[in-house]
> 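Submitted below is the structure of interest, expressed as structure tokens.
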Amino acid sequence: MSSAQERVWILANYSLCTGCRLCEIACSLRHEGVIWPSASRITVYEHYPGVPVPHYCVQCPDYPCVGACPTRALRVDQVTGAVLVDPSLCTLCLKCVEACPGRVPKIARGKLHVLICDLCSGDPACVRECSRAGYNALKLVKKPSSTNVKHYAKPPELLAEELGGRVFT
Amino acid sequence: MQVYGLWGKVLDVDLSTGRVSEERIHPITYRTFLGGRGLATYVLWRELGRKWRSVDPLGPENILAILTGPLTGYYPGIKLVVSGKSPQSCGVVGSAISSHVAYSIKAAGYDGILIRGASRDSVYVYVRDDLVEIRDASRLWGLRGLEFVKSLRRELGRDAPSLYIGPAGENLVRTAAVMARWFHAAGYGGYGAVMGSKKLKAVVVEGSGPLPPVARREEFLKLRYEVMDRVAARATFRMWGTTSGLWRVGYETSSEPVRNWVEEWHSREDFNHVVIERKYWIKNPWADWGCPLACMKVSRAVIDGATYYTDGPDYEMGAYLGSNLGVFEVDKAIALSALADDLGLCGIQTGNAVGFAVELYERGVITRDDVGYDLRWGDFNGLRKLVEDVAYRRGFGNVLAEGTYRAAIEVARMKGLPPEEVLKYAVQVKGVGVGAHGIRSRRDYPQPVAYAASVQGGDHTSVAGLPVNSEESEVWSAFLDSAVVCSFTSVEEDTMLKFLDAVTGWGITREELYGTVGLRILSLQRILLLLGGPDVRWDPRVHDDNPPRFYEPLPSGPYAGSTVSRDEVLKSVAEYYKQLGWDEYGVPTEETLKKLGLYDAVETVRALRRELGAS
């Protein structure tokens, strides 16, 4: 079992994000085999022009979603630290969404379970795509040990206000 | 019969009756007209062709078409096409716009939306997959762009992809654009006014499903990455966007509108994208959905305590609301561009009309009594006021709100002048102001025949050119607008056609593209353009020509004295028509129509030829 120090993590650079959503395309191609942004485990919000907010699971050290799941459909991947969803156990009760500090878990029409980033077993397609396009807004890094990661797990509209407030009034 | 890359159906919304239905589009129709601009032309011909001349573009009979194409969402660089009978040209203009609505329509299970009729009260169309509603827009009507986006988010509780109009469209201004994502516009054609005439403030689409299946998935993915890598390597395009044209097209190729095209050259080193980048860009690069190029930027300028936000501005907006108005202070060009965006005006058409007005004022054709205030080159406050007056149809703005061509006719009437005495200052072709790329220096991409023979008039994104079986030809633009991809991320023909084949399995060859498929779209557009009406009609012997200004020698710059001759242009027009299989008036011949399978247009071209006195 690898320790948290060796785990990978997706670091978002909001300044570099172009809002192109290639990450959503890559994620849905990897997980669903088709271009399906609504089923992407990463979502880009943009409340202010030029202030995109990539939004995805940051693997909170205390995993409130896992604790909140009444059917034990969520568990932590012991290697990557990602939250894994067992589709056969998830009842779409959305308790995990309520427990998540960023309301990250997604539902998509036709999917009978919540969608949460699984870190693509350690090699996330979104990061690859972002880097291939030369934007480098998403970087794969060693997971910071600090609880600071939770700062990235706010609801998108709050992140948008914080980021947008710098340039928009 | 399976269709790939498309769903094979469009939404049909009638705002007069409130009826919503789905219309199946036969796979053969797609194979014949592709989608986007081609499908719009087909639908308009089928439904309105018989009575085209009497159809008022701003009446309930007109159909607003919002269409994707087979490559939309798959090919990197997203667009959709807005079309209908154009209140500018009275033909069909395929007006491409980058918008999240494009993929969202497909994600909702449709290939497009047709909107007909007109509502009595202001409404917006809301689509969430198979839920389609015509909703009250009374709280949104009247709002400018930035405020509209905020209010819509408040109303829905979240962001949703939308196409919308500003006050200009609501006021039926013929230079009004259909807007998206704050600063994006489908400007050519004047479809903002068509939405306004239908009392339609917005079309909001929240599609939640996947894109339709493609014919050959592995090949599609391989090509997608191949194109992505090539497009992502366009480093200076990404860094500067088209804003770099403000200096290059002016100083270097000498083909930029300066003071209503009196000149096409400037040497203002501070009217430059690098200055804008350092002082005004708050976001660079900025991208549209799925785009590996990211040519967009967001700029912010503060003037007299007011803050203005716009994109680059891109070259067209910066040129038309900057140099064309004698505005060489970039912050003021940004502010005017921001104003046009917020009011929902097409920056090109509005800058064209306003530049025309300033020249008339400077020449004394119109005076302070007509306008109510001074109009001077580079005078920001007067220009800003006039742009607002156009959007709200106030005072002389109401004259310009008809677009440059119709405004010229009206000014001639007001002043008791022969129309040609005013039209000589109107830099437009067939009711459409010419895009910001001149032909006189011969150093820019449009050929002398570019605008004179285009089926979309002055549209710089759809220019005619020789030879007809090459990317120089308008057939190529018709293809890009019908597959519906962005011309900035497009690559050479062979790869585009391979891509189309991987997605659709249609097997369209280069020969077929130029010989039939693209030519078919162009020919039908040409027929509808020549039918025209009700308020204007185009005579090919008169109107298949450049604006008079383009025959004046350039007065300044490295190509001073350079021009094109009318004789040369008319010869090229004739050659272009001949190569396309059109007659000397640019009417597709019966033989050509039969080759294209457009049998039901034969009677119409016979009538057109009779009107022209042809044998």
> Looking only at heavy atoms and a cut-off of under 4.5 Å, which of A/A133, A/P49, A/G134 has the most pairs with chain B?
A/P49
> How long is the straight-line distance from CZ of A/F168 back to CZ of B/R300, given to the nearest 0.5 Å?
8.0 Å
> Is A/S28 close to chain B through its backbone or its side chain, or both, or neither, when contacts mean heavy atoms under 4.5 Å?
neither
> Could you walk me through whether B/R181 and A/E46 pass side-chain contact (heavy atoms from CB on, under 4.5 Å), step by step?
CA-CA 10 Å; B/R181 211 184 175 205; A/E46 193 171 23; 2.4 Å; yes
> Can you tell me if B/R128 has over 12 outside heavy atoms packed within less than 6.0 Å of its CZ?
yes
> Side chains of B/W289 and A/I25: closer than 4.5 Å at any heavy-atom pair?
yes
> Chain A heavy atoms under 4.5 Å from B/Y103: which part of the residue, side chain, backbone, both or neither?
side chain
> Hey, does A/V51 have a side-chain heavy atom less than 4.5 Å from the side chain of B/K283?
no
> How would you list, in number order, the residues of residues 55-72 of chain A that have a heavy atom less than 4.5 Å from chain B?
none
> Side chain from CB out, backbone as N, CA, C, O: work out which of these in A/P156 comes under 4.5 Å of a heavy atom of chain B, or both, or neither.
neither
> Heavy-atom distances under 4.5 Å only: say whether B/A294 touches chain A with side chain, backbone, both or neither.
both
> For the residue pair B/C291 and A/C20, what are the closest heavy atoms and their distance?
O-CB, 3.6 Å
> Got a donor-acceptor contact below 3.5 angstrom from the B/K297 side chain to the A/G50 backbone?
no
> Go through B/V231, B/V298, B/L146, B/D159 and name the one with the most non-hydrogen pairs under 4.5 angstrom from chain A.
B/D159
> Please rank B/G207, B/S104, B/G290, B/P210 by heavy-atom pairs under 4.5 Å with chain A and give me the top one.
B/P210
> Which bit of B/R217 comes within less than 4.5 Å of chain A, counting heavy atoms only: side chain, backbone, both or neither?
side chain
> So which of B/A232, B/S208, B/A235, B/P212 has the largest heavy-atom pair count under 4.5 angstrom toward chain A?
B/S208
> Is chain A contacted by the side chain of B/I282, its backbone, both, or neither, given a heavy-atom distance below 4.5 Å?
side chain
> Contact part of B/R224 toward chain A, heavy-atom cut-off under 4.5 Å: side chain, backbone, both or neither?
side chain
> Sub-4.5 Å heavy-atom contacts with chain B: which residues of residues 93-132 of chain A show up?
A/R109, A/E129, A/R132
> Would you sort out whether B/R153 and A/E157 count as a salt bridge (charged side-chain N to carboxylate O under 4.0 Å, His left out), showing the intermediate values?
CA-CA 11 Å; B/R153 182 189 304 139; A/E157 64 275 11; over 6 Å; no
> Quick one: does A/L22's side chain get under 4.5 Å of B/M228's, heavy atoms only?
yes
> Give me the contact list for residues 32-39 of chain A versus chain B, heavy atoms only, anything under 4.5 Å, ordered by residue number.
A/G33, A/V34, A/I35, A/W36, A/P37, A/S38
> With a 4.5 Å heavy-atom cut-off (strictly below), which parts of residues 72-80 of chain B touch chain A? List them by number.
B/G73, B/Y74
> What closest approach, in Å, do A/T18 and B/W286 show between heavy atoms, and which atom pair accounts for it?
O-CD1, 3.4 Å
> For B/D229, which atoms come within 4.5 Å of any heavy atom of chain A: side chain, backbone, both, or neither?
side chain
> Does any backbone or side-chain atom of A/Y135 lie under 4.5 Å from a heavy atom of chain B? Answer side chain, backbone, both or neither.
both
